[in-house]
A.B. asks: 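After the structure tokens below, expect a handful of questions from me.
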Protein chains: 2
Amino acid sequence: MARSATSTRERIVSAANKLFYGDGIRGVSLDAVAAKAGVTKRTLYYHFRSKDDLVAAYLAGRDQPNLALFRKWFEEADGALPAKVEQIFRNLARSARHPKWKGCGFLRTSAELANMPGHPAIKIGAAHKKKFDAWLREVFEQAGIADASQLSRQILLLLDGSFAVVLLHRDPSYMETAGEAARSLVDGALRGRVARR
Amino acid sequence: MARSATSTRERIVSAANKLFYGDGIRGVSLDAVAAKAGVTKRTLYYHFRSKDDLVAAYLAGRDQPNLALFRKWFEEADGALPAKVEQIFRNLARSARHPKWKGCGFLRTSAELANMPGHPAIKIGAAHKKKFDAWLREVFEQAGIADASQLSRQILLLLDGSFAVVLLHRDPSYMETAGEAARSLVDGALRGRVARR
DNA sequence: TGAAGTATATTCACTGGTCGGTATACATCC
DNA sequence: GGATGTATACCGACCAGTGAATATACTTCA
């Protein structure tokens, strides 16, 4: 058969991405994924050993694009460091207003599979957040902030908190509140740096 | 048949609580709930119209006890306001070290049912968080903090963020980090109050 | 070069089991 | 005797995963 422009495997992961993110892991059958990918279920099982395998591939596919987007938002923002951090939250609030937005796929998966702590998908989610944390910490270190590690963790707590809260209340303004809190914390850390000279 | 000390309905809700909190909504069948409650499934359906109904009852049953616990932690904590707020996070970290801990039932349910925004269980979860927010806001208002509403929302973001992050990384120390951030924010708000006189 | 063999990729049809929900009947109590 | 509560048994739909067969592409070697 003629090979399509996108590989079969890619089409399956793309279909899984839309369905799993939209309806959750246990809410989506592999019949549905196969149908959306235009493939029989048996073909799906040729490319992936199990549903858990496909779930892991779904999250692995979101890792890099997500990180790149956050970095882009930060780099394109104007102003000093606190304002640049806040801008990430502003952009997030804008994307959360999209009707298909349903929170953070990594966090939602870890919530749904909380009874399987060692699940590959959860490890991928944890690694994703660690990468974001490491990037933020480096940004803070280069700005001369003393406890950059603590600050980056606090910003991440606000970020993930806003995912959870906005998903619950369906009110993206919480992300702006989180952004203001983040700005306060970064501001405070910068003042600490100056005072300590 | 002789009526037991706890009503049949209570036993069903108690069984649902343990199972839904432990394994998630879609991960638990009503057969399993009925079996754990020592009741046939038909009896369960006599007391609850549907699974969604039972899920709502499960979360409604966690509302008051949860709020009472947070208030108790706050009231029993020593020190000034920032320290008392931080103590909530410290206590949460302690409870998160229990092996059966699996995050916040309200947030996990809203994550799992994100494709059903109007689900009764999600409304109950949202109302629960609003109650906590209102209590915290009142505490801040009585302490003379100007923008008590904004501050209470920020604390809630840190709290829910720590639920999500600790569930993902299985590392309760994030709750202590969140507590320190919360203390910073309350401290800053109190200094703002003094400066503005 | 071309026939035979092998690895890759895909399909149809199916299975054993689970799930939410129900029809019907029986028991208990005011 | 009617309202309340519980039990047995069942249904149709769905779901993760599989068996057997087939089509296509690449490799080997006489």
Side-chain angles (χ1 to χ4, degrees), chain A residues 1-59 109 112-116 118-122, chain B residues 1-59 109 112-116 118-122:
Chain A
M1 188 182 291
R3 182 166 306 281
S4 46
T6 63
S7 75
T8 301
R9 191 194 150 93
E10 279 166 359
R11 269 186 298 126
I12 293 170
V13 173
S14 166
N17 181 42
K18 285 168 195 150
L19 292 175
F20 285 151
Y21 179 74
D23 296 334
I25 308 303
R26 290 198 254 237
V28 172
S29 74
L30 293 198
D31 283 306
V33 175
K36 187 158 187 96
V39 167
T40 62
K41 191 163 54 164
R42 199 65 186 84
T43 296
L44 191 156
Y45 271 97
Y46 176 79
H47 291 279
F48 300 92
R49 243 180 319 169
S50 65
K51 186 174 185 179
D52 288 339
D53 230 43
L54 180 59
V55 173
Y58 143 62
L59 286 186
T109 301
E112 192 174 350
L113 306 184
N115 58 336
M116 309 165 78
H119 193 289
I122 293 181
Chain B
M1 191 177 288
R3 181 167 306 281
S4 46
T6 63
S7 75
T8 302
R9 191 193 151 95
E10 279 166 359
R11 269 186 299 127
I12 293 170
V13 173
S14 166
N17 181 43
K18 285 169 194 147
L19 292 174
F20 284 150
Y21 180 74
D23 296 334
I25 309 302
R26 289 198 255 238
V28 171
S29 74
L30 292 198
D31 283 309
V33 175
K36 188 159 184 94
V39 165
T40 63
K41 193 163 52 163
R42 194 61 189 84
T43 295
L44 191 157
Y45 271 95
Y46 176 79
H47 291 279
F48 300 93
R49 242 180 320 169
S50 65
K51 185 175 186 179
D52 288 340
D53 230 42
L54 180 60
V55 172
Y58 144 62
L59 285 186
T109 301
E112 192 173 352
L113 306 183
N115 59 338
M116 308 166 78
H119 194 289
I122 292 181

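Per chain, numbering begins at 1; letters A, B, ... match sequence-line order.
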A.B. asks: With sequence neighbours left out, what residues match A/Tyr21 under ring pair (Phe, Tyr, Trp, His ring centres under 6.0 Å)?
C.D. replies: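 For A/Tyr21 there are no ring pair (Phe, Tyr, Trp, His ring centres under 6.0 Å) partners, ignoring immediate neighbours.
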A.B. asks: Who are the side-chain contact (heavy atoms from CB on, under 4.5 Å) partners of A/Ala114, not counting sequence neighbours?
C.D. replies: B/Lys102, B/Arg108, B/Leu167, B/Arg170
A.B. asks: Among residues 43-51 of chain B, which residues get a heavy atom nearer than 4.0 Å to DNA chain D?
C.D. replies: B/Thr43, B/Tyr46, B/His47
A.B. asks: Ignoring backbone atoms, establish whether A/Thr8 has a side-chain N or O less than 4.0 Å from OP1 or OP2 of C/dA9.
C.D. replies: no
A.B. asks: Can you list the residues that meet the side chain to side chain donor-acceptor pair (under 3.5 Å) rule with A/Ser50, with sequence neighbours excluded?
C.D. replies: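 For A/Ser50, no residue satisfies side chain to side chain donor-acceptor pair (under 3.5 Å) once neighbours in sequence are set aside.
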A.B. asks: Would you please name every residue forming a side-chain contact (heavy atoms from CB on, under 4.5 Å) with A/Arg9, sequence neighbours left out?
C.D. replies: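 For A/Arg9 the side-chain contact (heavy atoms from CB on, under 4.5 Å) partners, ignoring immediate neighbours, are A/Ser7, A/His47, A/Phe48, A/Ala57.
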A.B. asks: Can you list everything that forms a side-chain contact (heavy atoms from CB on, under 4.5 Å) with B/Ser14? Sequence neighbours excluded, please.
C.D. replies: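 Only B/Lys18 meet the side-chain contact (heavy atoms from CB on, under 4.5 Å) criterion with B/Ser14.
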A.B. asks: Between A/Thr109 and A/Phe20, is any pair of side-chain heavy atoms under 4.5 Å apart?
C.D. replies: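 A/Thr109 does not reach A/Phe20 side chain to side chain.
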A.B. asks: Between C/dC12, D/dT6, C/dG21, which nucleotide has the shortest distance from any of its atoms to the side chain of A/Arg42?
C.D. replies: C/dC12
A.B. asks: Kindly write out the residues that satisfy side chain to side chain donor-acceptor pair (under 3.5 Å) with B/Asp53, not counting sequence neighbours, or none if the list is empty.
C.D. replies: none
A.B. asks: The criterion is side chain to side chain donor-acceptor pair (under 3.5 Å); which residues satisfy it with A/Lys41, sequence neighbours excluded?
C.D. replies: A/Asp31
A.B. asks: Between P on C/dT18 and NZ on B/Lys41, what's the gap in Å once rounded to a whole number?
C.D. replies: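 Roughly 12 Å, once rounded to whole Å.
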A.B. asks: Using a heavy-atom distance cut-off of less than 4.0 Å, which residues of residues 17-36 of chain B contact DNA chain D?
C.D. replies: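 Here the set is empty: none.
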A.B. asks: Output the rounded distance in Å from CG (A/Asp52) to C1' (D/dC15).
C.D. replies: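 Checked: the CG to C1' distance equals 14 Å.
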